[in-house]
Protein chains: 2
Amino acid sequence: MTKSDPKSSPAVSDPEAGFELETFLPFLLNRAAEVTSQAFQPAYREGFGLTRSQWRVLAITGHYGAITARDICTIAHEEKSKISRAVSALTESGHLQKALGETDKRTEVLSLTEKGTTLFETLGQSALQFDRTLRAAFTPEKEAQFRALLSDLEAALAECSNQEDI
Amino acid sequence: MTKSDPKSSPAVSDPEAGFELETFLPFLLNRAAEVTSQAFQPAYREGFGLTRSQWRVLAITGHYGAITARDICTIAHEEKSKISRAVSALTESGHLQKALGETDKRTEVLSLTEKGTTLFETLGQSALQFDRTLRAAFTPEKEAQFRALLSDLEAALAECSNQEDI
DNA sequence: ACAAAACGGTTGCACCCACAACCATTTTGA
DNA sequence: TCAAAATGGTTGTGGGTGCAACCGTTTTGT
């Protein structure tokens, strides 16, 4: 099948020499995120027809309870238009309901409908199953370590962008 | 269901209880990838007008030398149509050139033009700079550890999808 | 008090993307 | 040998996405 196996990177050359793609974090993270998400995608897509964004909004709302669209944005680090449309779709399909904010009439407090709660629980089970399978192949220790480092990385990034700003 | 301060995750509840978004790897990876990529995006976008896909193709071609579109796909874990269009755009803009494969006339071997090489070197410098800044805030040890774990994770994922297949 | 700025959310638009259908070439296997 | 299957790559199409402009509401500064 494979002819020359491009997956073997050029022997991790010294980092001071030049740009090394296979150690470049944005590249590595994108690839890992893509592969991981693709692996779970069938769960919410096939049979439920959800978008990745919609699944994320569903998961966040299911997890945090009544929440506003803006807070979803900050939690997921996503564009507000993206979230807005996902919310619209989920409302349209009867999984989500909006309620006008009481103190602030600009906001709309989101919550799952009964249908949405059911779907969230179903997909939550799938997610747990996925997590279990992955952990079995990845080792619990490594996974914990990895999550800690991910958290550190985001902190470091936040620090970076706060320093040099824009 | 706490509704206040959504950024503080619910204290890492026991993993057996139910679906826990803030420990769900696809979610965490997507967020980290998004934040990291966004941070580097200005480098290739502003002033050079490259897409993220185009930048990736440029980087891979610059890194691996003469390479075929299919190999770029397997390296980056991307759709072939996405790569195809990025290649077209880069060829159009004079950064990339195609050469008909000699042994296999279906393939087209890609390589950087002089212009492409220059751009690759420029952006490679930016990438190095970015990496350096990030490493300063992230700690070299953590970064190395993190990369090792990322690699392990991809291996675990490959194993998973090979086992249960589809 | 009130105009200006800031903010939550929506939408128009151009663009990017995934998916599938497709073409040309190569490989397979009977 | 040659028809069927597989492969590298392109493209049409419907739909998702980012950006900026926008609306209505709230906050700020004077």
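Predicted, not measured: the structure shown is a model, and the values here were computed from it. Throughout, a chain's letter reflects where its sequence line sits, starting with A, and its residues are numbered from 1.
- Straight-line distance from the CD atom of A/Glu108 to the C1' atom of D/dC23: 13 Å, rounded to whole Å.
- Counting all heavy atoms, side chain and backbone alike, B/Glu22 lies closest to A/Ile75 at OE2-CG2, 4.0 Å.
- Side chain of A/Arg56 to main chain of A/Ile72: no donor-acceptor pair is present (N/O by atom type, distance under 3.5 Å, no hydrogens or angles).
- With hydrogens and angles disregarded, no donor-acceptor distance shorter than 3.5 Å links the side chain of A/Ser151 to the backbone of A/Arg147.
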Per-nucleotide protein contact string for nucleotides 19-28 of chain C (B base, S sugar-phosphate only, - none; heavy atom under 4.0 Å): B----BBS--
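- Atom CD of A/Glu46 is separated from atom C1' of C/dA18 by 14 Å (rounded to the nearest Å).
- Across all strands shown, B/Thr68 has heavy atoms under 4.0 Å from sugar-phosphate atoms exclusively, and none from any base.
- At the phosphate of D/dG8, neither OP1 nor OP2 sits under 4.0 Å from any side-chain N or O atom of B/Thr107.
- The distance from atom NZ of A/Lys98 to atom P of C/dG8 is 16 Å, rounded to the nearest whole Å.
- OP1 or OP2 of D/dG16 has not a single side-chain nitrogen or oxygen of B/Lys82 nearer than 4.0 Å.
- Distance A/Tyr44 OH to D/dG16 C1': 13 Å, rounded to the nearest Å.
- Under the 30°/60° scheme for interplanar angles, the aromatic rings of B/Trp55 and B/Tyr44 are found to lie parallel.
- Applying the side-chain hydrogen bond (donor to acceptor under 3.5 Å, both in side chains) definition to pairs two or more places apart or across chains, those involving residues 33-42 of chain A are A/Glu34-A/Gln38, A/Ser37-B/Asn30.
- Rounding to whole angstrom units, CD of residue B/Glu34 and C1' of D/dT17 are separated by 11 Å.
- Counting any heavy atom pair closer than 4.0 Å across all strands shown, B/Ser88 reaches no nucleic acid atom.
- One end of the helix from C/dA1-D/dT30 to C/dA30-D/dT1 points its axis 30° away from the other end's axis, with each axis taken from 5 pairs and the angle rounded to 10°.
- Between B/Asp71 atom CG and D/dT7 atom P there is a gap of 14 Å when expressed in whole angstrom units.
- As a whole-Å value, the separation of A/Arg52 CZ from D/dG16 C1' is 12 Å.
- Minimum heavy-atom separation, B/Phe24 to A/Asp131: CD1-OD1, 3.9 Å.
- Under 4.0 Å is where a charged nitrogen must lie from a carboxylate oxygen, and between A/Glu78 and A/Arg52 no such pair does.
- Spacing between atom CD1 of B/Ile83 and atom C1' of D/dG9 amounts to 12 Å, rounded to whole angstrom units.
- Using a 4.5 Å heavy-atom threshold, the side chains of B/Leu96 and B/Leu112 count as touching.
- Between B/Thr68 and B/Asp104 the shortest side-chain heavy-atom distance does not fall below 4.5 Å.
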